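The figures that follow rest on heavy atoms only: side chains count, while hydrogens, waters and symmetry mates do not. Order of the sequence lines sets the chain letters (A, B, ...), proteins ahead of strands, with each chain counted from 1. Since this is a predicted model, take the numbers as computed values, not measurements.
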Amino acid sequence: MTLKIYDTLTRRKEAFKPISGNRVYMFVCGPTLYDYSHLGHARTYVAFDVIARYLRYKGYTLFYLMNITDVEDRIIQRAEMTNRDPVELAKTLETTFHRDMKALRMNSVNLYARASEHMPEILDQIKRLIEKGYAYETKTGIYYDLARFEDFGELSHQKLDEVKKHRIDPDPTKKNPQDFTLWKKKETGPLWDSPWGKGRPGWHIEDTAISELYLGEQYDIHGGGIDLIFPHHESEIVQMESLSGKKPMARNWLHTGLLMISGERMGKSMGNSVTIADALEDYEAEVLRFFFASTHYRSPIDYTKDKLEQAKNSLETLYTALYNIKRLQTKEEKQLTDEEKKLRKELRETERKFLKAMDDDFNTPIAISHLFDMAKKINIFTAEDGIVDKKLLGEIVNSFKELGGILGVLQREKESVEEELIEKLMDLVIELRREFRNRENFAVSDRIREELRRLGITLEDTPDGMKWRKH
RNA sequence: GCCGGGGUGACUGAGAAGAUAGGUGGUGGGCUGCAGACCCACAUACGUCGGUUCAAUUCCGAUCCCCGGCUCCA
């Protein structure tokens, strides 16, 4: 089966063909470290994590690169507002970013590349752009001369003269208001030396400098949130293609739909920003990932408590089906029964359909629907048969874990389920024992403590209440 | 103004010229000592108006509404 991926450039689903055989090179625009990572980042990065997992599942050797913007005016602004050092602020936020990514079970990125550590490559690209006549220097910085680039606007389908409008007054030294900054001459804040004096790089140049270094002039996939199409990705194309003379810079441009909060655009100014850490306090990572995967990655997604509850219940339905079949008695016979053969056939069908859906531009909602179909078949089987072939059971459990693993769900380990269960059971036992003690029924309460001790659990009455531990 | 995306049942969310999407919630039934789980069934679903067609929610046109981008954005 061939994988088809929607390409923002052609606005069509295209059959996916890596440039060099089995190797796939993917770049995703990472965070700018001026604030805590929020659910919008989570949505985008989970989407690309799923894409990365699926590419690897299909057997591609994927190199997944993400930049980390640790040099940027907003970071400096934020640092000034809070009286902090911008370098230290970025460092702290980078640590929490990685903590959040890990908490969301994100592990598919091969290399994170900091802008601050790629200054030579950034300067080199700017130099080459000047040499080729694409960029010019003014009193305030180095600018890209958009009049020199013919194919401007391919990605966003904007015409150059349509984008003259601007919210911020353009720098008066620019030839055209649309020209974007490659290097800003500055005297305050974190500064780097350049042939044009001290300053900092523009917004778009770090990405092409980093991607050129690790992935080359042309590579397979470039991704990010849909809000980056213009001007960010458009400018990247301008920079890279004018240097390399090769197009397209990326074979496939993928963009994720934005996350909304209760129907509104999430943003600081709206006062409705939810950090990843906040969300993880209310819902476990699997529920968030399931919630994201329930909507196609290109569609906008609306975060509400209600929808998260729906996602949580839905995910639980899948777990329950697994639980239902796992608790059956197992047997090892040479022959499967007709019912078991049928179930195994349905399992293979489910796998096939799941992968077919993923091949169609990573259609996770459809893929998930096939898991539910299978869950129903499992439930029917378990309602009718009290016993199941051990090998078949293993196949079903593995299959769910493998397919779910592509989405990063259904990975809950047996141990952790049981540990969670034990916690809850102990809460209950303790509560019951407290009632017996309150009624001065010490015979029963002592018996509870004694029986638990034999089971390997020590109960202690402490001033802070009853505590228990394994011994 | 320009460039995109979208309007599907209580909520969500796919899809495609003719199929029952799937899920959550609700109601009724089955199973059950009770509850839960599970199974079965049910609810005027495809923004509006035209057109093409044997047939459209799916194609075409018009129209209304929503969302995003237009140099801060994942």
To the nearest angstrom, how far is [X] atom [atom1] from [N] atom [atom2]?
X	N	atom1	atom2	answer
A/Glu72	B/rA74	CD	C1'	14 Å
A/Asn313	B/rG22	CG	P	18 Å
A/Gln178	B/rC70	CD	P	15 Å
A/Ile301	B/rC67	CD1	P	18 Å
A/Ile229	B/rG69	CD1	P	11 Å
A/Arg298	B/rA14	CZ	C1'	13 Å
A/Lys4	B/rG15	NZ	C1'	14 Å
A/Lys353	B/rU20	NZ	P	15 Å

Could you give the distance separating [M] and [N] at their [atom1] atoms, to the nearest angstrom?
N	M	atom1	value
B/rA56	B/rG68	P	35 Å
B/rG69	B/rC46	C1'	28 Å
B/rU8	B/rU12	P	8 Å
B/rA17	B/rA55	C1'	7 Å
B/rA19	B/rU57	C1'	14 Å
B/rC40	B/rG22	P	11 Å
B/rA10	B/rG1	C1'	40 Å
B/rU24	B/rG30	C1'	22 Å

Indicate, with a heavy-atom threshold strictly under 4.0 Å, whether [X] touches base, sugar-phosphate, or nothing.
X	value
A/Arg11	sugar-phosphate
A/Asp302	nothing
A/Lys312	nothing
A/Ser299	sugar-phosphate
A/Gly40	base
A/Leu371	nothing
A/Tyr323	nothing
A/Ser37	nothing
A/Asp73	nothing
A/Ile380	sugar-phosphate
A/His255	nothing

Should we say atom [atom1] of [X] is surrounded by more than 12 heavy atoms from elsewhere, each under 6.0 Å from it?
X	atom1	value
A/Lys184	NZ	yes
A/Lys401	NZ	yes
A/Lys331	NZ	yes

What nucleotide among [options] has an atom nearest to a side-chain atom of [X]?
X	options	value
A/Gln310	B/rA14, B/rG69, B/rG23	B/rG23
A/Thr317	B/rA74, B/rG4, B/rC38	B/rC38
A/Leu258	B/rU24, B/rG68, B/rC40	B/rG68
A/Ser369	B/rA21, B/rA74, B/rU71	B/rA21
A/Phe230	B/rA14, B/rA74, B/rC70	B/rC70
A/Asp306	B/rC67, B/rC11, B/rU24	B/rC11
A/Gln158	B/rC2, B/rU24, B/rC38	B/rC2
A/Ile366	B/rA37, B/rA14, B/rA74	B/rA14
A/Arg74	B/rC3, B/rU12, B/rA74	B/rA74
A/Asn379	B/rC38, B/rG23, B/rA14	B/rC38

Find the partner of [N]: check Watson-Crick (N1-N3 plus N6-O4 or O6-N4) and G-U wobble (N1-O2, O6-N3) distances, both under 3.5 Å, and reply none if neither fits.
N	value
B/rA55	none
B/rA14	none
B/rC42	B/rG26
B/rU48	B/rA62
B/rA19	none
B/rU71	none

Practice task
Please confirm whether the backbone N or O of A/Asn379 pairs with a side-chain atom of A/Thr382, one donor and one acceptor, at under 3.5 Å?
Solution key: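 Yes.
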Problem - Check: A/Ile396 main-chain N/O paired with A/Ser399 side-chain donor or acceptor under 3.5 Å - result: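 Not at all, since once roles are kept as given, no pair shorter than 3.5 Å links the two residues.
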Handout entry: 5'-most by nearest nucleotide on RNA chain B - A/Phe372 or A/Thr382
Key =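 The 5'-side residue here is A/Phe372.
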Practice task
Specify the residue among A/Asn363 and A/Ile368 whose closest nucleotide of RNA chain B lies further upstream toward the 5′ end.
Solution key: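 That would be A/Asn363.
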Handout entry: Passing candidate, ring-ring contact (aromatic ring centres under 6.0 Å, His included) with A/Tyr144, options A/Trp183, A/Tyr136, A/Phe180
Key =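 Of all the options given, the one that passes is A/Phe180.
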Practice task
Kindly compute the distance separating CE (A/Met240) from OG1 (A/Thr208), expressed to the nearest 0.5 Å.
Solution key: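 So the gap between those two atoms works out to 6.5 Å.
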Handout entry: Parallel, tilted or perpendicular: ring planes of A/Phe362 versus A/Tyr54, cut at 30 and 60 degrees
Key =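 Judged by the thresholds at 30° and 60°, the geometry between A/Phe362 and A/Tyr54 is perpendicular.
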Exercise for the section: Classify the angle between the aromatic ring planes of A/His233 and A/His222 as parallel (below 30°), tilted (30 to 60°) or perpendicular (above 60°). Expected result: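 If you compare the ring of A/His233 with that of A/His222, the planes turn out perpendicular.
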Below the 4.0 Å mark, does [N] have OP1 or OP2 next to a side-chain nitrogen or oxygen of [X]?
X	N	value
A/Lys376	B/rG22	no
A/His41	B/rA74	yes
A/Ser294	B/rU12	no

